[in-house]
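The chains referred to below are lettered A, B, ... by the order of the sequence lines, with proteins before strands, and numbering in each begins at 1. Basis for what follows: all heavy atoms, side chains included, without hydrogens, waters or symmetry-related copies. Fair warning: this is a prediction, and the values are worked out from it, not measured in the lab.
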Amino acid sequence: MRRFAALVEAIETSAGVVEAWTDWFRVAGSADAMLSIRLLVGGGKERSRRRLTAARLRRLLGTALALPEWLIERSLGESDDAAEGGALLLSAMPFPEVEAGEAAASERTEGSLHRRLERLTTRLDEPESDETDCAIAATLRETDETTRRVLLRALLGTSRPTGSMRAMLTGLGRVCGVPIDVLEDRTARDTGDDAATFERWIAPCAADDSIGRWPRVPLTMIDALPTDRDEAWSAEWNWVGLRVRLVRHRSGVRWSADDLEPLTGKLPEACEGAERLAVGTVLDGILIAGSMAAPRPRGDLERRLARRRSTAADRRAVPVTFVAIDLLHDGLEDRRRETWTERRERLEQLFATTLADAASIALSPAFRESFSKLQERHRESRRPGIDGLVLKPLEAPYDPETIRWFVLPPQPFRWTAVLRLVRQTGDVASTIEGSFSVRGVGGEFVPFAQAPLSFGSDEERTEFEALLKRTTIARFGPVRELEPEQVYELECAGFEPAPRRRSGLALRGVRVIRRCDERTVDTIDSLADLQAAWRITSIDPT
Amino acid sequence: MNLLVPTERGLYCPVGDFHIDPSRAVPRAIVTHAHADHAVKGCGKYLAAPDCLPLLRHRLGRGIEAEGLEYGRSRRVRGVRISLHPAGHVLGSIQVRLECRGEVWVATGDYKRQPDPTCRPFEPVPCHVLLTETTFGLPIYVWPEADEELQRIESWRRRNRERGVSSLLLVYSLGKAQRLLASLAPDLGPIHVHDAIAGVNAAYREAGIELPTTAIDPPSAGSTVLTVPQAVGTRWLAAAAPYETAYVSGWMRTRRRRQQRGTGRGFVMSDHVDWPALMRTIRESGAERVGAMHGSTAEVVRFLREQGTEAFEVRTGRPQLDPATIDRAESFDESPASSNAPAHPSLGEADDAADDADDGDDRPEGV
Ligand SMILES: [Zn+2]
């Protein structure tokens, strides 16, 4: 029932709705799933009937909570919704004791939604009495406030089916594997309100409908390269983008991604070439903004995909490329059991023939090289659009149970900067945080990164504190501004464009390496040099 | 015998000749905690809990004459024995126990009975007369478990962060901010705080409360920011865009109140006592008479009388405000009084936050 409450809250705050439906459908029985759809999205045949009046609700609450009715009324007045008010008020009632022979409390709280509603309606049909009131209140009290509110709305006849049908169908599609257009069709035609209807909706499709479904293959992170198997690896760049599968369906090209709303209609340029593929063909790949030669930031891709349908102007502003990294189905032939070498060969053939002049579909280059050569590649794998190297075992089939693709993250970025500000927090055993600047275009200092300073020993710390005292120019509470003297070497794991910052960058995983007493402030890195060295092309630091 | 009487200037003890939480300057004041509507400038002498002193000085100025009285220790003032007991509201918050010729009165000040990592928990004090706060004195106000609500805040932050959206938590600068700061998960990136909060943090640390360090940089997209509501719209926060805001307050319990704050999002976390805990506190005190202060005084008094308990409303000189406005008053009076030091808010680039913040936000409360 927690997941149901989470779903209601997601719909009310319009946040994470598809995920919430997915989570809910994973645990809900068919009757509960159907009831939730009717209560939150609407549809169906049965009009919701009022079984509880506001006056009866007040009486019932008064009896169950042993509070005078004026106080109930006054409390309900705090809310503009009787169902919400009632749901909240019921929390003032002690959790019902579990009677002997009854199910455990946890079981009752997690109990099914439709049974609870049934129990409530049965009780409401009985003649009004203190005992009935208490039983109704107890049944409501057992569940959480959010679920209670939805149930009360159903009983008061004030349900608010404001959820999006599309989000619900997307979530449902993820769980049952039926394509969303099929679901759309079924739910529009088959408008019952019972569990059987729901089960007809989610029944598996005919054979050719199911091509788009297969398990997800994880990319596993490891720290070190297994050096003893030099020749057994093929390497590829780890493209920064969205993992998607391209499916050549009978009716056209479909895209399937694990974490997104359907991409159909959003990638017309990539569909063009793909339509030449044999029906049934499935490629695994990464969707990137720009091209392999000139990749663009991931944010551009997200902006483009956020549009419902892409216009010609969108396509000009942010072109996309589907970079193929594997072949799963070759026409109607399932190739997932074959080795990577075999699949790759066929993939290269496809790109030499059918896809030779497909503009927005590209083949990710693969390197079969010695270990030392791969190390060299790894050093190059830190650039825009690429975030390390992926290693694939040559013999591996495309099997989610056994496949291991290793991602080698790129080396961290390093630079030197001058310490300009420190903030000391606490008195004893305090932490000292520094703000480090690099040189701007006009020679000025530009704040670039912030990181805590650490000390190997008490002596080091004492020495540093003396240095602090000597070089302080000004103090603002716990913050000191320092003479620009101390040079530090720092590193970070990566960066994102941040146009609002003077440096234009937001750094990830910043760490101080050491203080460089041998260097003077004239030798610190400049923003321009860093941009060149890190090949930052997509930001405007002005 | 009336050990405490309501006056224009607040609760007054005629036998001991001192005030509790006066609303205007008086010669001698016992201050239950450092919130703006309980601690005013200009009193001759202040008596408070020792860990309240750094906060009082932060709020009222270094120069005030303030003395700490250890929790549970008593002191005799003109025939009244005074002792202070933890109230669990914010750091240094107390209940005041007065004893005179065998009669015991307790004024709770603001209090809560939920756990809070930044202050001592409430201790029930038996008494004959209990003056309790009733800010949330209606049975609809029942707080969710603190952990439960914290989990909701965390999943909200996590989802925002995954989308590159900043999470702005709008809180009181004193109390709620520190309670949250001490409770939020450290692995969801650095937490940025508004300078009004940073100043209070320093006072908390001075009082020996450990708080996680906060980011010096101005916030950027995907950050978590603890801020006072008036800073929304300033340049300092513009750097955090895009962002989502959420109030953290007991008033967030109903949708109507959430909408009054102009936010669909709200988290129910209060430093005040809720209905069940209020009833429990009254029961545990064993009091023969109960005075209700702030908020739903009339309702609580009527209810207690109907239950056979002698009860009365305590109306002091403090202007009677809509409860939601009291909430605002506490969060909006943020400027530290001791402004000898230059107001240099934060490291980095957004030096204008404090100035903007002082412009205040005079938008009327929604209806
Ligand atoms: Zn307070």
Would a 4.5 Å heavy-atom cut-off, applied to side chains only, mark [X] and [Y] as touching?
X: I216(B); Y: L421(A); result: no
X: T214(B); Y: R423(A); result: yes
X: E244(B); Y: T13(A); result: no
X: E19(A); Y: R159(B); result: no

Run the side-chain donor-acceptor check on residues 58-65 of chain A: report pairs under 3.5 Å with partners two or more places apart or on a different chain.
| residue | atom | partner | partner atom | Å |
| --- | --- | --- | --- | --- |
| R59(A) | NE | E128(A) | OE2 | 2.7 |
| R59(A) | NH2 | E128(A) | OE1 | 3.1 |
| R59(A) | NH2 | E128(A) | OE2 | 3.4 |
| T63(A) | OG1 | R59(A) | O | 2.9 |

**Which atoms of R163(B) approach chain A - backbone, side chain, both or neither, heavy atom under 4.5 Å** = neither
**F136(B): partners by ring pair (Phe, Tyr, Trp, His ring centres under 6.0 Å), with sequence neighbours left out** = Y141(B), W143(B), W251(B), H272(B)
Can you name the nearest heavy-atom pair linking [X] to [Y], along with the distance?
X: W70(A); Y: R302(B); value: CD1-NH2, 3.1 Å
X: L89(A); Y: I140(B); value: CD2-N, 3.7 Å
X: L138(B); Y: S75(A); value: CB-OG, 3.9 Å

**Message:** Looking only at the side chains, is there a donor atom on one of W156(B) and E9(A) sitting less than 3.5 Å from an acceptor on the other?
**Reply:** no
**Message:** E84(A) and side chain to side chain contact (heavy atoms under 4.5 Å, CB included): which single residue from R255(B), R253(B), R256(B) fits?
**Reply:** R255(B)
**Message:** What part of E145(A) gets within 4.5 angstrom of chain B, counting heavy atoms only: side chain, backbone, both, or neither?
**Reply:** side chain
**Complete:** Counting heavy-atom pairs under 4.5 angstrom with chain A, the leader among P276(B), A221(B), S220(B) is S220(B)
